[in-house]
Amino acid sequence: AKAQAEEQEAAQAQLKDAFEFITALAKLDFSKTLPILGKNEIQDGLATGLNMLSEELKHSAVSRAELEEKNILIENILDNIPVAVFLKDANDSFRIKIWNKAAEEIFGLSRELILERTTHDLFPKEEADLYLADDIRVTKNFIKVNIPEEPATSTTKGPIVLHTQKVPITITGNNDKIFLLGISEDISELKSNQQQILESSKMATLGELSSGLAHEINNPLAIILSSAELLPRYINDHLEFSNLMASIAKNGDRISKII
């Protein structure tokens, strides 16, 4: 479970780089490149594809047909990223404009159902209110927001825990537009593994403590039992009888202090 948690954390770092790269690409900033780490074939393939796309967009005069082809390529890349990626239009009540395949799987909501709708159309009010508050904060203050643990609801999985990041994007022109780009990773399994590790650690500590207590108690208890067995033999020997009773009392007191 610990190795799995470390692997998920490493994958999360690589996905964060991809997230920042896509954000820069959306702003037509081609200065970034994604590293090829050679640890995960799928993620390396995505990094290679995004780097190639960046170079093509940078050095090519994109015609209308070529632009459509690039849009399809971007959509395919987004659909192969194993975390939820979504885009909301801040100028249109934060209606959802992009919803990739991982988002469909994590939330259990199809693209056809969710596009051009708001979170209040689809999620419980309390949950949607939290989403909207973060969306407004990101676009109003033009800041990036990192939410390490965000409760959410999946129609297929029930309650889940997400690690979500949101950034604002501005498209300048005759009418400037502001969008919110978000990425959410389902960390429910990671949280469950961490809880199992914690519980295992607690049980191991309790076992060590119990073993130590048993050892400390067994020694004086053996003396008490041995003295008790000898009492009938020295019932008429006042001095020896008193010594045995004193030993029982002393070791009984020792046990009470241990407990």
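- By the rule that hydrophobic residues join a cluster once side-chain heavy atoms approach within less than 4.5 Å of another member, Val145 and Phe179 end up as members of separate clusters.
- For the 3.5 Å distance criterion, the side chains of Asn51 and Ser54 fail to qualify, holding no donor opposite an acceptor.
- Under the 4.5 Å side-chain heavy-atom criterion for Ile, Leu, Val, Met, Phe, Trp and Tyr, Ile171 and Leu181 are members of the same hydrophobic cluster.
- Under the 30°/60° scheme for interplanar angles, the aromatic rings of Phe123 and Phe107 are found to stand perpendicular.
- Placement of Ile183 and Tyr131 in two distinct hydrophobic clusters is found when ILVMFWY residues are connected by side-chain heavy-atom separations under 4.5 Å, directly or transitively.
- Counting only distance, with no hydrogens or angles, the side chain of Asp89 and the backbone of Glu116 share no donor-acceptor pair below 3.5 Å.
- To the nearest 0.5 Å, atoms CD (Glu55) and CG (Leu53) are separated by 10.0 Å.
- Separating the CG atom in Leu115 from the CZ atom in Arg95 is a distance of 12.0 Å, to the nearest 0.5 Å.
- Note: Ile36 CD1 to Leu34 CG = 7.0 Å, rounded to the nearest 0.5 Å.
- Nearest heavy atoms, Leu162 versus Ala152: CD1-CB, 3.6 Å.
- Of the possible donor and acceptor atoms, none in the side chain of Asn91 sits under 3.5 Å from a partner among the backbone N and O of Lys177.
- For the atom pair OG1 of Thr118 and CD1 of Ile96, the computed distance is 7.5 Å after rounding to the nearest 0.5 Å.
- The hydrophobic cluster containing Ile143 does not contain Ile169, counting ILVMFWY residues as joined when their side-chain heavy atoms lie under 4.5 angstrom apart, directly or transitively.
- Taking each heavy atom of Thr139 and Ala90 in turn, the nearest pair found is CG2-CB, 4.0 Å.
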Checklist entry - Step by step, would you call Glu105 with Lys157 a side chain to side chain contact (heavy atoms under 4.5 Å, CB included)? => result CA-CA 9 Å; Glu105 295 173 356; Lys157 304 176 184 178; 5.9 Å; no

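- Closest approach of Lys144 to Pro168, counting heavy atoms only: N-CD, 4.4 Å.
- Between Glu75 and Asn100 the shortest side-chain heavy-atom distance does not fall below 4.5 Å.
- The distance from the CZ atom of Phe94 to the CG atom of Asp135 is 5.5 Å, given to the nearest 0.5 Å.
- Using a distance-only test at 3.5 Å, with no hydrogens or angles considered, no donor-acceptor pair links the side chain of Asp186 to the main chain of Ile106.
- Side-chain atoms of Ser154 come within 3.5 Å of backbone N or O of Thr156 as a donor-acceptor pair.
- Two different hydrophobic clusters hold Trp99 and Leu73 under the rule that ILVMFWY side chains link at heavy-atom gaps under 4.5 Å.
- In plain terms, the two heavy atoms of Thr170 and Ile178 that are nearest each other are OG1-CG1, 4.1 Å.
- Side-chain N/O atoms of Glu150 and Ser184 include no donor and acceptor closer than 3.5 Å.
- Annotation: side chain of Ile114 is not in contact with side chain of Asp121 (no heavy-atom distance under 4.5 Å).
- Taking the side chain as every heavy atom from C-beta outward, Gln165 and Val167 never approach each other to under 4.5 Å.
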Item to check | Derivation and outcome, side chain to side chain contact (heavy atoms under 4.5 Å, CB included), residues Leu78 and Ile22 | outcome: CA-CA 9 Å; Leu78 290 175; Ile22 294 171; 4.0 Å; yes

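- We find the CG-OG1 distance between Leu132 and Thr119 to be 6.0 Å, quoted to the nearest 0.5 Å.
- Pairing each heavy atom of Ile160 with each of Thr153, the nearest pair is CG1-N, 4.4 Å.
- Closest of all the heavy-atom pairs between Lys101 and Arg111 is N-NH2, 3.4 Å.
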